[in-house]
Chemist: 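Attaching a single structure in structure tokens format; questions to follow.
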Amino acid sequence: MAARRGALIALEGVDRAGKSTQGRRLVQGLRAAGHKADLIRFPDRTTEIGQLISSYLVREKDLEDHTVHLLFSANRWEHVPLMKEKLHQGITIVVDRYAFSGVAFTNAKGNFCLDWCKQPDVGLPKPDLILFLQLSPEEAAERGNYGHERYESSSFQEKVLQSFYCLMEDKTLNWKTVDASQSIEDLHREIKSIAEKTMEEVQNKPLEELWK
Ligand code: ADP
Ligand code: FDM
Ligand code: MG
């Protein structure tokens, strides 16, 4: 019998919903429970492509909108060989943002249809679970102000949220919405339990391709 594979788990949600907090906490919790787990944050600002993206986000560099969309996607593709290797070795991978952020942010710019936005990410490893951390704009505001990076404004974030809702209508994907207004530990417990159930369910199933 083939070795059991790890699960690919994506965290998505509005700004300050707790994706990065829960991503770190989930990997820590899974490891403590004896599972093999790794975290990847997208964009990964440490690679050459990631550094270009980072200089765009901090407004040091202007990049044309199609170009930056393709760079975000390329930043995912450059991780794919290692992601597949790890998943096949039984390591669960938690991704802090994935292709859904890629599509939602570019689509929110207004002049890019969802179909165009999805194309560069078609064929990426398909997440076994996409956790959408839901938080109202009022509750997000209580967690601090927006920073100074590109996209950090309430009017743009509202458009991003509408794009996420369109993507969530795709029933071929395993979206699960969780209430991100809970305490960090309560939310962690809920997320860990959903993650472990998914890991169990997919361990003998082949890894699929996104949007194919
Ligand atoms: P995201 O990655 O979704 O933007 P972060 O994990 O960076 O969000 O969290 C944004 C801020 O909110 C941080 O200051 C973090 O400590 C705080 N935070 C995260 N989760 C919670 C929670 N469940 N309750 C209260 N504050 C939280
Ligand atoms: N973002 C993130 C995109 O526009 N496209 C993408 O493909 C991804 C993964 O980059 F504003 C945006 C979303 C957010 C910024 O911020 C990255 P964090 O704080 O590193 O998640
Ligand atoms: Mg974050």
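Read the numbers this way: they start at 1 and go in the same order the structure lists the ligands and their atoms. Numbers here are sequence positions counted from 1.
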Chemist: Using non-hydrogen atoms of the residue, decide whether Glu152 is closer than 4.0 angstrom to ligand 2.
Modeler: no
Chemist: Distance to 0.1 Å, residue and atom name: give those for the protein heavy atom nearest to atom 19 (O) of ligand 2.
Modeler: Arg41 NH2, 3.8 Å
Chemist: What's the shortest distance from atom 26 (N) of ligand 1 to any protein heavy atom, and which residue and atom give it?
Modeler: Arg143 NE, 3.5 Å
Chemist: With hydrophobic residues grouped by side-chain heavy-atom distances under 4.5 Å, do Leu63 and Ile49 end up in a single group?
Modeler: yes
Chemist: With heavy-atom distances below 4.5 Å as the criterion, would you say the side chains of Cys166 and Leu114 are in contact?
Modeler: yes
Chemist: Counting only heavy atoms closer than 4.0 Å, does ligand 2 sit against the backbone of His69, its side chain, both, or neither?
Modeler: neither
Chemist: May I have the step-by-step check of salt bridge (Lys or Arg N to Asp or Glu O under 4.0 Å) for Arg150 and Asp62, ending in yes or no?
Modeler: CA-CA 10 Å; Arg150 241 178 254 262; Asp62 283 326; 3.0 Å; yes
Chemist: Does CD in Glu48 sit with more than 12 non-hydrogen atoms of other residues, nucleotides or ligands closer than 6.0 Å?
Modeler: no
Chemist: If you count the atoms of ligand 2 from 1 in the order shown, which ones are under 4.0 Å from a heavy atom of Arg76?
Modeler: 6 (C), 7 (O), 9 (C)
Chemist: Looking at Arg31 and Asp38, does any basic side-chain N land under 4.0 Å from a carboxylate oxygen?
Modeler: yes
Chemist: Would Glu149 count as a polar contact of ligand 2, with the cut-off being nitrogen or oxygen pairs under 3.5 Å?
Modeler: no
Chemist: Please check whether Gln22 reaches ligand 1 - meaning an N/O of the residue sits under 3.5 Å from an N/O of the ligand, judged on distance alone.
Modeler: no
Chemist: Would you compute the distance between atom OG1 of Thr198 and atom CG of Asn174 and round it to the nearest 0.5 angstrom?
Modeler: 6.0 Å
Chemist: Does some non-hydrogen atom of Ser183 fall short of 4.0 Å from ligand 1?
Modeler: yes
Chemist: Tell me the protein heavy atom at minimum distance from atom 7 (O) of ligand 1, and give that distance in Å.
Modeler: Ser20 CB, 4.1 Å
Chemist: Is the shortest heavy-atom distance from the side chain of Arg97 to the side chain of Arg41 under 4.5 Å?
Modeler: no
Chemist: My understanding is that we take every heavy atom of each candidate and find the minimum distance to atom 14 (C) of ligand 2. Doing that for Arg150, Arg16, Glu12, Arg97, which one comes out nearest?
Modeler: Arg97
Chemist: Does Asp15 reach ligand 1 with a nitrogen or oxygen that is under 3.5 Å from one of the ligand's nitrogen or oxygen atoms?
Modeler: no
Chemist: With a 6.0 Å cut-off (strictly less than), is the heavy-atom count around NZ of Lys84, excluding the residue itself, greater than 12?
Modeler: no
Chemist: Please round to the nearest 0.5 Å and tell me the distance separating atom CD of Glu139 and atom CG of Asp179.
Modeler: 7.5 Å
Chemist: Which residue supplies the protein heavy atom nearest to atom 13 (C) of ligand 1, what is that atom called, and how far is it?
Modeler: Thr21 OG1, 4.8 Å
Chemist: Assess whether a salt bridge exists between Arg25 and Glu185, defined as any Lys/Arg side-chain N lying under 4.0 Å from an Asp/Glu carboxylate O.
Modeler: yes
Chemist: For Pro43, counting its heavy atoms only, list the atoms of ligand 2 lying under 4.0 Å from any of them.
Modeler: 2 (C), 9 (C), 17 (C)
Chemist: If hydrogens are left out, which of Lys19, Glu142, His188, Arg24 has an atom nearest to atom 3 (O) of ligand 1, that is, the closest non-hydrogen atom?
Modeler: Lys19
Chemist: Is there a side-chain contact between Phe72 and Thr106 (heavy atoms, below 4.5 Å)?
Modeler: no
Chemist: Report yes or no: do Tyr151 and Lys109 form a side-chain donor-acceptor pair below 3.5 Å?
Modeler: yes
Chemist: With nothing but distance in play, are any N or O atoms of Gly18 less than 3.5 Å from an N or O of ligand 1?
Modeler: yes
Chemist: Starting from atom 4 (O) of ligand 1, what is the nearest protein heavy atom, named by residue and atom, and what distance separates them?
Modeler: Arg16 N, 2.9 Å
Chemist: Measuring from Thr47:OG1 to His79:NE2, what's the distance to the nearest 0.5 Å?
Modeler: 6.0 Å
Chemist: Using a heavy-atom cut-off of under 4.0 Å, does the side chain or the backbone of Leu57 touch ligand 2, or both, or neither?
Modeler: side chain
Chemist: Just how far is it from atom CD of Glu196 to atom CG of Leu26, taken to the nearest 0.5 Å?
Modeler: 8.5 Å
Chemist: Step through the shown structure and confirm whether more than 12 heavy atoms of other residues, nucleotides or ligands are within 6.0 Å of CG on Asn145.
Modeler: no
Chemist: Where does Arg45 meet ligand 2, judged by heavy-atom distances below 4.0 Å: at the side chain, the backbone, both, or neither?
Modeler: side chain
Chemist: For atom 2 (C) of ligand 2, what is the nearest protein heavy atom, given as residue, atom name and distance?
Modeler: Phe72 CE2, 3.6 Å
Chemist: Does Gly13 come within less than 4.0 Å of ligand 1, judged by its heavy atoms?
Modeler: no
Chemist: Of all the non-hydrogen atoms in the protein, which one sits nearest to atom 23 (N) of ligand 1, and at what distance?
Modeler: Gln182 O, 2.8 Å
Chemist: Mind jotting down which residue pairs meet the ring-ring contact (aromatic ring centres under 6.0 Å, His included) criterion with at least one end in residues 115-139? Sequence neighbours excluded, please.
Modeler: His66-Trp116, His69-Trp116, Phe112-Trp116, Phe132-Phe164
Chemist: Which residue supplies the protein heavy atom nearest to atom 4 (O) of ligand 2, what is that atom called, and how far is it?
Modeler: Phe105 CB, 3.2 Å
Chemist: With the side chain counted from C-beta on, respond yes when Tyr98 and Leu8 share a heavy-atom pair under 4.5 Å apart, and no when they do not.
Modeler: yes
Chemist: Are there any protein N/O/S atoms under 2.8 Å from the Mg ion (ligand 3), and if so, which?
Modeler: Ser20 OG
Chemist: Return yes when Leu187 approaches ligand 1 closer than 4.0 angstrom through a heavy atom, no otherwise.
Modeler: no
